[in-house]
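For reference, the structure discussed in these notes is given below.
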Amino acid sequence: MDPDAGGSSSSPPPPSATSGAGAETKEEERGSQQVVLVLVGPPGSGKSTFAEAVVGGSTAGRPWVRVCQDTIGNGKAGTKIQCLKAASDALKEGKSVLIDRCNLEREQRADFVKLGGTLHTDVHAISLDLPAKVCISRAVSRKGHEGNLQGGKAALVVNRMLQKKETPLLTEGFSRIMCCNDDGDIKKAVDLYNGLGPSDSLPSGVFGQKSKKPVQVGIMKFLKKADTSSVETSSGPKLALTEIKPAQQNPLPKQENVEAGFACPMEVEKGLNDKMENEEHAKEIDYCDVGSRTLAFPSISTADFQFDLDRASDVIVDTAFKFLQKFDNIRLVLVDLSEKSRILSLVKQKAAKKSIDSNRFFTYVGDITQLHTKGGLQCSVIANAANWRLKPGGGGVNAAIYNAAGESLQHATKKCADALRPGTSVVVPLPSTSPLHQREGVTHVIHVLGPNMNPMRPDYLKNDYTRGSKILCEAYNSLFESFASIVQSYMGKQNNESGAEKSASGGTSPNDTKMKREDSHGSERMKKHKLFQPIMTSKQQHECTKVNGPKCHADAMTSSAVPSQTRQVDNKRNDVVTRKTWGSWAQSLYELAMNPEKYKNSDSILETSDEYIVLKDLYPKAKRHILVISRMDGLDSLADVKKEHLPLLRRMHSAGVKWAQKFLEEDAALEFRLGYHSVPSMRQLHLHIVSQDFNSASLKNKKHWNSFTTSFFRDSVDVIEEIEQNGSTTTSSDEKILAMELRCHRCRSAHPNIPKLKSHIAICKSSFPSHLLQKNRLLSSTMHMDRK
DNA sequence: GTTCTAGAAC
DNA sequence: GTTCTAGAAC
């Protein structure tokens with residue numbers, strides 16, 4: 001990606017620069033070589049002169065039709081409807097159309113952009129940004145103007161119109177915007193369009209814009225469903241995924257009051273009444289919220305890594321579809337710089353087939369580093385198609401993002417990770433000092449590394465698309481999961497704040513997040529596991545025989561041990577038999593629970609009762625890590641727990657809380673979680689009480705980490721609630737959870753290995769994901785103090 | 001659960 | 001050469 005092409009060029013390249021590509025795509029994108037050219041300018045800005053020069057001076061054979069509202073009614077002023085019809089007719093005849101009317105406000109030009117979109121035609125804007133005094137001077141002094149706007153009246157009209165001018169944006173649906181600031185610019189633009197042959201196309205982007213000051217734009221368009229009621233000319237399947245088109249947008253609330261009685265001579269304006277303003281204002285409250293729930297991402301691996309576009313689009317649509325099903329209130333925007341982007345068109349088609357909600361997933365043509373200032377899109381989180389070293393450079397999106405974000409992104413990235421493996425991502429909170437943060441409102445950059453099909457780049461997959469697609473799928477899943485974590489964290493804060501307010505006013509407790517997600521792996525995964533129980537492999541059978549044989553460990557000393565090792569657990573759903581075997585090494589907790597008196601002198605035992613034993617974990621995975629071990633024989637793990645065990649579980653939980661509080665008194669900086677391993681390694685039901693620093697030499701591998709930070713770890717409060725409701729718990733035995741990538745339990749950033757992860761968690765100060773902040777899943781000193 | 005260690009990754 | 005992971009043994 002050339003970041004410059006998205007916006008700052010002052011002199012556009014000649015049409016020949018892309019004419020070859022235009023011809024190449026002609027057949028597959030029928031009609032795309034046609035153009036709807038919308039002029040934007042007040043009276044006196046030179047629209048008519050421009051239009052006549054283009055329509056009458058075409059040297060390259062492109063057929064043009066000028067649609068001029070001032071003359072469309074048999075030489076007299078007509079209506080917008082007439083203009084739309086004339087434009088539509090001309091486009092259907094294969095001609096390009098030049099819309100010669102003021103079009104200063106978005107609403108005025110929206111239908112023309114929509115028309116172009118409906119007929120799959122590029123829509124360009126020429127913004128005639130000449131100084132107001134020049135326009136006024138010309139308008140006042142001209143004679144015989146087609147719209148009969150001249151003299152003193154013209155000065156008044158031009159002045160008022162300019163006050164309400166809204167600069168055209170790419171998000172309105174324009175693929176290309178040229179701003180002409182003087183007659184020289186106008187001449188260049190005329191020459192450009194005169195030289196445009198029938199099959200030529202022009203590069204997308206904004207050209208010649210002088211003002212760097214962002215135009216006030218609204219996000220309301222983003223919240224409102226597409227208006228499909230007008231221009232019903234589309235045939236074929238309903239387009240479910242669309243680029244943002246102005247037809248989807250609403251007029252922006254004006255900063256200045258609109259004079260309701262004012263009417264432009266060329267077009268009757270619609271004033272905004274109070275009701276509309278209030279509605280828009282109410283939606284504006286959601287403005288920040290929408291931005292913080294929107295992820296803008298480039299296509300991964302399809303540029304420099306040369307991944308097949310068709311396969312990539314399948315992966316994008318599939319992963320996005322599944323992700324959006326899992327989460328409410330999240331939006332994904334696939335961004336590409338080029339209007340001719342094949343990946344965008346493929347994704348659009350495929351998403352349409354899947355009927356993905358276009359308000360929640362759409363494509364956008366523009367520069368991912370200028371979404372707000374150039375496109376009016378607020379996206380707090382953007383993804384970067386990173387390289388494995390997480391370093392700047394290399395061109396494309398990576399270079400553009402590092403350039404736009406400044407050095408602070410490098411520093412922030414280095415704090416999070418040193419490298420990425422294909423198929424993973426890492427979340428980097430963007431410092432508020434970064435220009436990208438300040439200018440565009442980007443708070444996080446998620447670096448993603450996809451599979452590589454380029455022999456000149458690392459980790460070349462040699463066209464192995466089975467592996468490549470899998471890795472690309474992992475990459476997008478990782479990206480989306482990372483994004484969800486950020487949103488969760490954000491929404492958790494929101495909920496907590498609103499909850500705190502409610503509590504203060506004696507109201508109800510904080511609401512749960514709107515998100516469907518239960519934890520970092522999602523509810524869907526858990527549901528699947530409800531229906532799947534492992535059946536013993538021959539190897540396990542062998543192990544079982546070994547354990548049960550005469551030479552088995554002395555731990556299996558009680559007769560009850562034997563049936564428990566091959567216990568058959570009824571599964572109410574499908575009657576699949578579940579068996580769990582315990583190796584000799586896994587029996588130590590069981591032995592302790594059955595014979596605590598043998599260990600009464602051990603320093604590790606903190607407390608003993610008839611029901612449970614509190615033990616310091618022999619290999620603590622954090623500063624504080626203890627176990628509350630049930631003493632009930634036959635209760636090996638969560639899979640054995642039934643309703644009748646609820647009192648025991650509640651007392652074990654209370655014991656755990658009591659000890660956590662004791663530790664919090666000693667060290668207020670700690671936080672604790674209480675929970676069970678979904679499928680424990682050690683026999684005998686035991687509750688972990690583990691501080692969330694995870695600062696321990698005994699935490700050595702991925703399995704250790706994931707067993708405490710993924711859905712493998714079942715919070716005690718959830719276990720109790722589930723048993724209260726269902727009479728049993730759902731336990732997952734999916735080893736894939738334990739083999740998943742390493743993610744920070746706070747900010748959910750991914751890390752390549754345990755040492756890097758440990759370095760990160762030692763400094764990560766992010767708040768915990770919101771679900772942990774609910775239902776007392778996380779015990780902290782502040783809660784502890786509250787309870788006193 | 002840990003320890004050991006081959007070999008992959010760096 | 002060193003670091004790190006993952007599988008086997010216990």
Side-chain angles (χ1 to χ4, degrees), chain A residues 387-391 414 417-424 426 449 451-452 457-461 467 471 537-549 551-556 561 565 580-594 599 602 604-605 613 615-622 625-630 636-638 675-690 694 696-710 712-713 733-743 750-761:
Chain A
N387 53 47
W388 73 275
R389 287 183 187 278
L390 293 168
K391 291 279 160 52
K414 205 167 182 180
D418 290 335
L420 267 191
R421 277 191 298 204
T424 65
V426 58
L449 185 62
N452 170 39
R457 295 282 177 265
D459 297 315
Y460 173 47
L461 288 177
R467 218 172 132 212
I471 293 172
T537 62
S538 57
K539 191 179 163 193
Q540 285 172 320
Q541 300 250 12
H542 173 70
E543 189 177 330
C544 181
T545 309
K546 205 169 70 173
V547 169
N548 292 338
K551 287 184 181 175
C552 74
H553 194 280
D555 293 344
Q565 284 159 359
K580 171 73 185 177
T581 62
W582 304 100
S584 57
W585 48 266
Q587 306 273 3
S588 55
L589 295 183
Y590 174 78
E591 198 205 350
L592 170 67
M594 296 302 115
Y599 306 90
S602 168
S604 295
I605 295 178
I613 295 164
L615 177 78
K616 283 185 194 170
D617 196 298
L618 193 59
Y619 298 94
K621 303 301 183 288
H625 183 188
I626 62 169
L627 307 175
V628 179
I629 307 161
S630 154
D636 290 349
S637 72
L638 275 188
Y676 299 87
H677 280 161
S678 192
V679 181
S681 298
M682 306 295 284
R683 180 184 176 191
Q684 195 64 14
L685 184 73
H686 55 282
L687 173 67
H688 291 268
I689 291 89
V690 61
F694 294 112
S696 166
S698 295
L699 198 159
K700 293 176 176 172
N701 58 43
K702 191 176 263 186
K703 187 177 177 182
H704 292 156
W705 178 255
N706 283 338
S707 70
F708 287 98
T709 58
T710 67
F712 194 87
F713 189 83
S733 59
D734 193 345
E735 291 294 319
K736 281 182 186 166
I737 294 178
L738 297 177
M740 276 176 40
E741 62 192 352
L742 298 165
R743 285 190 173 277
H751 299 271
N753 55 47
I754 289 288
K756 299 269 164 53
L757 173 74
K758 285 189 161 188
S759 304
H760 169 77
I761 61 173

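Proteins get letters first, then strands, A, B, ... in listed order; numbering begins at 1 in each.
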Would you say Thr424(A)'s side chain and Leu420(A)'s backbone share a donor-acceptor pair under 3.5 angstrom? no
Within the distance-only criterion (no hydrogens, no angle test), does the side chain of Lys758(A) pair as donor or acceptor with the backbone N or O of Ser696(A) below 3.5 angstrom? yes
Do Asp459(A) and Trp388(A) pair up side chain to side chain, a donor and an acceptor below 3.5 Å, judged on atom types alone? no
When you get a sec, tell me which of dT2(B), dC4(C), dG1(B) is the closest nucleotide to the side chain of Met682(A)? dG1(B)
Take the protein atom CG of Leu742(A) and the nucleotide atom P of dA9(B), then report the distance between them rounded to whole Å. 16 Å
dT5(C), dC10(C), dT2(B): which one has an atom nearest the side-chain heavy atoms of Trp585(A)? dC10(C)
Pro755(A) has its side chain closest, among dC4(C), dA6(C), dG1(B), to dC4(C)
Spacing between Gln684(A) atom CD and dG1(B) atom P, to the nearest angstrom: 14 Å
Just the rounded figure in Å: distance from C1' of dT2(B) to OH of Tyr619(A). 5 Å
Considering only side-chain heavy atoms of His677(A), which listed nucleotide, dT2(B), dT5(C), dG1(B), is closest? dG1(B)
Could you tell me whether Lys756(A) contacts a base, only the sugar-phosphate backbone, or nothing, with contacts defined as non-hydrogen atoms closer than 4.0 Å? nothing
Can you name the side-chain hydrogen bond (donor to acceptor under 3.5 Å, both in side chains) partners of Ser707(A), sequence neighbours left out? His677(A)
Applying a 4.0 Å non-hydrogen cut-off, can you work out what Leu589(A) is touching in the nucleic acid: base, sugar-phosphate, or nothing? nothing
Whole angstrom value for the distance that separates P of dA9(B) from CG of Leu449(A): 15 Å
Measure from NZ on Lys702(A) to C1' on dG7(C) and round the result to the nearest Å. 14 Å
Touch class at under 4.0 angstrom, heavy-atom based, for His686(A) against every strand present: nothing
Rounded off to whole Å, could you give me the NE2-to-P distance for the His625(A) and dG1(B) pair? 8 Å
Check this one for me: any side-chain N or O of Lys700(A) less than 4.0 Å away from OP1 or OP2 of dC4(B)? no
Distance in angstrom units between Asn753(A) CG and dC4(C) P, rounded: 6 Å
Just how far, in rounded Å, is P of dT5(C) from NE2 of His704(A)? 12 Å
Between Leu699(A) and Ile754(A) the two heavy atoms that sit nearest each other are O-CG2, 4.3 Å
